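Taking it in order: structure first as structure tokens, then the write-up.
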Amino acid sequence: MGKLVGQPIKRVEDNRFIKGEGKYTDDFNMPNQTFAVYVRSPHAHAKINSVDTSAAEAMDGVVKVFTGQDIADAGLAGSICGWQVDFKNGDTMKEPPHPIMVADKVRHVGDPVAMVIAEDKYTARDAAELVNVDYDVLGAIVDPKAAVEDGAAQVHDDVPNNTIYDWELGDSAATDAAFENAHHVTSLSYHNQKLVPNAIEPRAALAHYDANEDKYTLYSTSQNPHLARLVIGAFVLAIPEHKLRVISPDVGGGFGSKIFVYNDECGCLWASKQIGRPVKWTADRSEAFITDCHGRDHVTDAQMAFDADGNITGLRTKTYASMGAYLSNFSTCVPTYLHGTLMQGLYTTPAVHVDVTAVVTNTVPVDAYRGAGRPEATYSIERLMDTAAREMGMDPTELRRKNFIPAFDGVEQPGYQTQVALQYDSGDYETNMDKALQVADYESLKATRDKAKSEGRLVGIGFSTFIEACGIAPSAVVGSLGARVGLYDAASIRVHPTGKVTIHSGAHAHGQGHETTFAQVVADAFGIGMDDVNVIHGDTENVPFGMGTYGSRSLAVCGSAIMKSVDKVKEKGARIAAHKLECSPDDLEFANGAWTVKGTDKSVGFGDVALTAYVPHDYPADEEPGLDFASFYDPANFVYPFGTHICVVEVDKDTGEVDVTKYVAVDDCGNVINPMIVDGQVHGGVAQGIGQALYEGAVYDDDGQLLNGSMLDYTMPRADNFPMFETDKTETPCPHNPLGVKGIGEAGTIASTPAVVNAVMDALSDYGVKDLQMPLTPERVWSAMNSNGNA
Amino acid sequence: MGYTLKVNVNGKAQEDDVNPRVLLVDYIREKLGLTGTHVGCDTSSCGACTVHVDGKAVKSCTMFAVQADGADITTIEGMCQNGELHPLQAGFKEEHGLQCGFCTPGMIMACADLLENNSNPSEDEIRHGLEGNFCRCTGYHNIVKAVQHAAENG
Ligand code: FES
Ligand code: FES
């Protein structure tokens with residue numbers, strides 16, 4: 001532990017946010033700017049007969065109206081899918097086009113048909129109302145499993161049975177054999193429901209084309225501006241990459257939904273060139289509900305096989321995963337390489353088989369949402385574990401203890417090779433669970449629960465012992481699996497002549513606190529203060545390159561790139577110091593901000609060396625001036641954080657309402673740089689996972705209408721839905737990155753959902769309720785308690 | 001169609017010609033350039049737009065600017081006094097009560113009203129008091145602590 005690393009340093013970025021001085025995309029304006037509003041389909045599936053823009057165009061203050069036909073005439077491709085997952089039989093994945101605006105047929109409520117640009121946003125909104133679109137409404141398909149059936153509405157003409165691909169992983173024959181020989185089989189079937197991300201800042205864009213320089217600028221709410229530049233430049237608009245600047249200023253939360261390159265922002269950029277003026281667009285919340293990519297939407301059958309001693313002998317799952325109406329950038333890898341590969345969990349299950357069919361439906365596109373595939377996998381495994389324990393009359397912790405992968409550090413003991421392609425880096429699962437049991441005081445929890453039950457109150461305890469794969473990922477590996485991008489990251493360190501330091505980070509921060517944690521790491525590495533380090537991110541013109549922030553990768557991947565640059569600075573600094581001290585660099589050691597000749601008190605400070613690098617009068621002969629290094633880091637493996645979450649609930653017998661009364665999270669994300677920030681990430685993640693378990697879910701009717709498409713109708717978790725969370729940790733360092741760190745951004749969301757549902761099922765155990773569909777609303781819980789002769 | 005609006009915003013008298021249909025939040029953000037007040041929804045649900053109108057917390061997306069005629073308005077930018085952070089601003093930083101910061105101005109304004117009416121709220125009272133403000137990042141845990149911190153140090 002250094003002076004700063006490992007400490008709960010207060011966040012430097014807060015200084016602007018608490019004063020209302022953060023700068024988010026909608027806070028920027030440009031001279032002569034216009035405002036865009038999209039006209040969106042009210043139907044889930046309909047043929048467009050005509051689009052009449054005349055009344056809108058005639059309105060005072062309207063600058064221009066574009067339609068899907070204009071986009072088609074311009075020959076623009078639209079957004080793309082970044083990951084190719086082919087069919088089991090080798091056939092190529094189906095990849096229907098996703099135009100910026102549609103001309104022929106709408107495929108989900110919210111599909112854009114026209115764009116109205118006006119002098120102010122009120123006028124643009126009024127005029128959008130006047131665009132008259134004549135539709136022939138078609139039948140819609142919403143259910144992922146029904147989508148493959150003959151006779152289901154076809155979302156795209158060239159995607160038979162709405163099937164994008166089918167895919168499998170693991171040994172099917174061995175798994176089937178395990179089930180044939182099983183002493184006990186536990187089965188569950190459920191819908192891991194569709195979720196709406198709802199970052200509190202809606203997506204927005206401010207786009208400008210400068211004809212003099214032939215150059216585009218896009219301010220946008222992106223988690224990864226360089227990736228946006230690449231995709232927009234190389235594919236969506238086909239403009240030269242060096243003529244496009246993407247700026248992601250402060251961004252008000254992402255949770256995955258702002259990873260993707262959306263057509264809406266690209267449309268603004270294109271329109272700006274057409275009209276020769278800047279175009280600003282900010283989504284309404286209702287618009288966000290029908291345009292931000294949703295998460296989850298898996299329909300799954302899952303089964304676990306056991307021998308007579310409670311050892312897991314097999315796991316198999318079959319999932320229908322909805323992509324929504326179009327393939328968003330990373331939609332195809334979520335149910336496969338982020339879900340199927342997690343099915344080992346942290347157990348020694350000797351045979352695992354995962355089968356996934358990806359389908360299109362007439363719903364908002366689905367892509368990565370906090371956890372992305374890993375929550376769905378963890379839900380399957382951990383719901384099966386608690387259910388099996390109950391069925392077999394075992395304590396859920398004993399069942400886990402029996403099946404845990406034994407501890408391994410990835411150094412002395414090799415990584416753990418799973419049945420589903422991954423090799424875990426390091427883990428000590430039993431120690432972690434023991435810590436959680438101790439923090440929660442499991443014995444007294446059980447006594448409290450049993451006493452409550454004897455008094456007729458419904459108290460339940462639920463577990464989730466989970467692992468996740470994050471810090472995505474070695475480029476060659478993901479490339480061989482169909483990824484169309486590399487998943488390294490980049491960072492540079494510029495040491496200024498006065499010894500102050502600027503980090504240019506490829507990772508973008510939108511809540512994660514990089515401006516603090518990255519500075520902690522670098523300040524400690526150079527023996528300087530937090531105030532001496534500045535972090536720049538979010539601008540393709542100011543940051544050399546980056547792959548952005550998602551998949552809990554910032555510290556594990558970008559942090560490693562930072563450390564590579566730190567090492568380069570130190571190596572060159574040592575050569576400069578050696579020259580000044582008239583010794584060999586090998587004679588030097590760096591500590592406390594200075595290079596010292598080993599065994600002497602002769603030393604030269606970091607600031608001195610920096611100044612010498614820029615004022616190279618007395619300088620090594622063949623050394624370049626300057627102290628400025630960029631590095632790319634391609635991870636050697638995923639990182640594998642894990643943990644134990646324990647949830648206690650009380651169910652109101654009369655109303656069916658579930659109250660989370662206690663929540664314990666003991667996470668292991670390797671070495672911790674800033675425990676305050678790590679705890680904060682766990683709190684937020686757990687809240688989102690509880691949200692899925694108890695409150696949230698996109699509700700569609702059979703016509704494809706989103707029935708709860710506003711914050712009035714979609715139950716966002718509120719402050720009074722939660723208790724204080726109890727967090728603690730174990731620290732099992734990652735053996736393959738320089739900081740020994742894993743990742744924590746998604747862990748809470750991945751872990752918590754099954755812990756909560758398991759707790760409710762425990763509370764309802766006397767009612768013979770084995771499973772309920774999420775969210776566990778009072779109505780669903782009450783109905784379950786009052787059916788099956790349970791009145 | 002213009003209407004002359006006179007308001008006092010963060011202690012400064014303003015007089016502007018506004019269209020009667022302009023929402024107070026748009027007037028604050030676009031006319032006055034005070035972009036610390038945010039917009040997170042269109043259903044008066046999220047509280048990101050909370051400001052004080054005559055000392056009371058109000059969702060500024062829910063009223064027209066002209067309805068505030070003659071009022072004293074305080075936005076997040078007016079919470080720092082003589083360079084001193086408001087106890088809630090300090091509390092949010094001390095307790096890590098924010099991540100992306102987007103809900104934060106509205107949270108602070110709502111919490112200030114809460115503390116105005118109840119200087120020593122219980123955890124339950126804080127949680128109920130914040131029902132009108134969504135945060136997607138923090139799980140509210142550290143927001144509750146931030147309010148407690150401000151109550152203790154206010
Ligand atoms: S913007 Fe006013 S309540 Fe959401
Ligand atoms: S800090 Fe991001 S929404 Fe509250």
Side-chain angles (χ1 to χ4, degrees), chain A residues 8 10-11 13-24 26-29 121-122 197-202 250-255 282 284-287 509-513 676-677 679-688 690 710-713 716-722 724-725 748, chain B residues 19 21-22 26 29-30 33-46 48 75-80 85-86 88-90 92-106 108 123-124 126-145:
Chain A
K10 306 297 177 212
R11 299 200 324 166
E13 44 275 85
D14 289 357
N15 296 339
R16 61 180 186 275
F17 293 135
I18 54 176
K19 290 188 266 183
E21 291 170 6
K23 278 290 216 177
Y24 301 86
D26 189 61
D27 300 341
F28 290 86
N29 293 295
K121 74 178 180 194
Y122 285 73
N198 275 321
I200 304 298
E201 179 204 26
D250 288 327
V251 172
F255 316 110
T282 301
D284 291 339
R285 176 59 54 188
S286 311
E287 190 176 15
H510 32 278
Q512 296 85 349
M676 176 191 81
I677 287 178
D679 280 347
Q681 289 293 313
V682 173
H683 298 155
V686 166
Q688 259 166 308
I690 297 177
S710 84
M711 279 186 170
L712 275 183
D713 304 298
M716 285 279 287
R718 298 171 188 269
D720 59 352
N721 294 138
F722 303 116
M724 298 307 274
F725 303 119
Chain B
N19 186 323
R21 69 192 295 212
V22 166
D26 286 337
R29 286 180 54 79
E30 283 155 28
L34 296 171
T35 54
T37 302
H38 297 150
V39 177
C41 75
D42 46 12
T43 47
S44 295
S45 309
C46 76
T75 70
I76 185 69
E77 289 90 345
M79 294 298 271
C80 248
L85 291 178
H86 184 280
L88 275 164
Q89 292 174 310
F92 270 72
K93 176 163 178 169
E94 273 311 298
E95 299 293 346
H96 188 29
L98 63 151
Q99 292 181 23
C100 78
F102 197 79
C103 72
T104 311
I108 289 177
E123 184 198 326
D124 249 19
I126 296 171
R127 289 184 181 275
H128 283 292
L130 290 179
E131 271 183 339
N133 290 68
F134 290 148
C135 175
R136 196 55 150 168
C137 295
T138 63
Y140 303 100
H141 180 106
N142 285 342
I143 292 179
V144 172
K145 285 172 69 180

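Just so it is clear, the model here is predicted, and its values are computed rather than measured. Proteins come first, then strands; the chains are lettered A, B, ... in the order of their sequence lines, and each starts at number 1.
Top candidate by heavy-atom pairs under 4.5 Å with chain A, chosen from B:Asn133, B:Leu130, B:Asn142, is B:Asn142. Most heavy-atom pairs under 4.5 Å with chain A: of the set B:Gly101, B:Gly40, B:Gly33, this distinction falls to B:Gly40. Contact count versus chain B (heavy atoms, under 4.5 Å) is highest, among A:Ala719, A:Gly748, A:Ser286, A:Gly20, for A:Ala719. Interface check for chain A: of the options B:Glu123, B:Lys93, B:His128, B:His96, the most heavy-atom pairs under 4.5 Å are formed by B:His96. Comparing B:Asp42, B:Thr43, B:Ile143 by heavy-atom pairs within less than 4.5 Å of chain A, the highest count is held by B:Asp42. Counting heavy-atom pairs closer than 4.5 Å to chain B, the top residue among A:Val686, A:Asp26, A:Asp250 is A:Asp26. Most heavy-atom pairs under 4.5 Å with chain B, from the set A:Arg11, A:Gln688, A:Glu287: that is A:Arg11. Between chain A and the residues B:Glu77, B:Glu94, B:Glu95, the most heavy-atom pairs under 4.5 angstrom are made by B:Glu94. Note on A:Lys23, A:Arg16, A:Glu13, A:Met676: by heavy-atom pairs under 4.5 Å with chain B, the leading option is A:Met676.
Summarising the geometry, atom CG belonging to A:Asp27 is positioned 5.0 Å from atom NE2 belonging to B:His38; distances are rounded to the nearest 0.5 Å. Distance check: B:Cys137 SG to A:His510 NE2 gives 9.0 Å after rounding to the nearest 0.5 Å. Here A:Ile18 contributes atom CD1 and B:Leu98 contributes atom CG; the two are 7.5 Å apart, rounded to the nearest 0.5 Å. In this structure, CG on A:Leu712 lies 7.5 Å from SG on B:Cys41, to the nearest 0.5 angstrom.
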Exercise for the section: Start with the C-alpha distance between A:Glu21 and B:Ile76, add both sets of side-chain angles, then the distance that settles side chain to side chain contact (heavy atoms under 4.5 Å, CB included), and finish with yes or no. Expected result: CA-CA 9 Å; A:Glu21 291 170 6; B:Ile76 185 69; over 6 Å; no
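With a 4.5 Å cut-off on non-hydrogen atoms, A:Glu201 touches chain B through its backbone and its side chain both. In this structure, the portion of B:Ile108 lying under 4.5 Å from any heavy atom of chain A is its side chain and not its backbone. Of the atoms belonging to A:Asn721, not a single heavy atom falls under 4.5 Å from chain B. Residue contact with chain B, scored on non-hydrogen atoms closer than 4.5 Å, involves the backbone of A:Val251 exclusively. Neither the backbone nor the side chain of A:Ile690 has a heavy atom closer than 4.5 Å to any heavy atom of chain B. For A:Pro197, the part sitting under 4.5 Å from any heavy atom of chain B is the backbone (N, CA, C, O) and nothing else. With a 4.5 Å cut-off on non-hydrogen atoms, A:Phe725 touches chain B through its backbone and its side chain both. Contacts between A:Gln681 and chain B at a heavy-atom distance below 4.5 Å involve backbone atoms as well as side-chain atoms. When heavy atoms are compared at a cutoff of 4.5 Å, B:Glu30 approaches chain A solely by way of its side chain, counted from C-beta outward. Heavy-atom distances place both the backbone and the side chain of A:Asp284 under 4.5 Å from chain B.
Closest of all the heavy-atom pairs between A:Pro202 and B:Val39 is CD-O, 3.5 Å. The minimum heavy-atom distance linking A:Gly252 with B:Cys100 is given by the pair C-SG, 3.4 Å. Looking at every heavy atom in both residues, B:Arg136 comes nearest to A:Pro717 through NH1-CD, 3.6 Å. Nearest heavy-atom pair, A:Ile200 versus B:Phe102, reported as atom, atom and distance to 0.1 Å: O-CE2, 3.4 Å. Minimum heavy-atom separation, B:Cys80 to A:Lys19: SG-CD, 3.9 Å. Summarising the geometry of B:Gln99 relative to A:Phe17, their closest heavy-atom pair is O-CE1, 4.2 Å, with the distance given to 0.1 Å.
Ring geometry for A:His683 against B:His141 counts as parallel: the plane angle stays under 30°, on a 0 to 90° scale with 60° as the upper cut.
Under 3.5 Å, the side chains of A:Tyr122 and B:Asp26 contain a donor-acceptor pair of N or O atoms.
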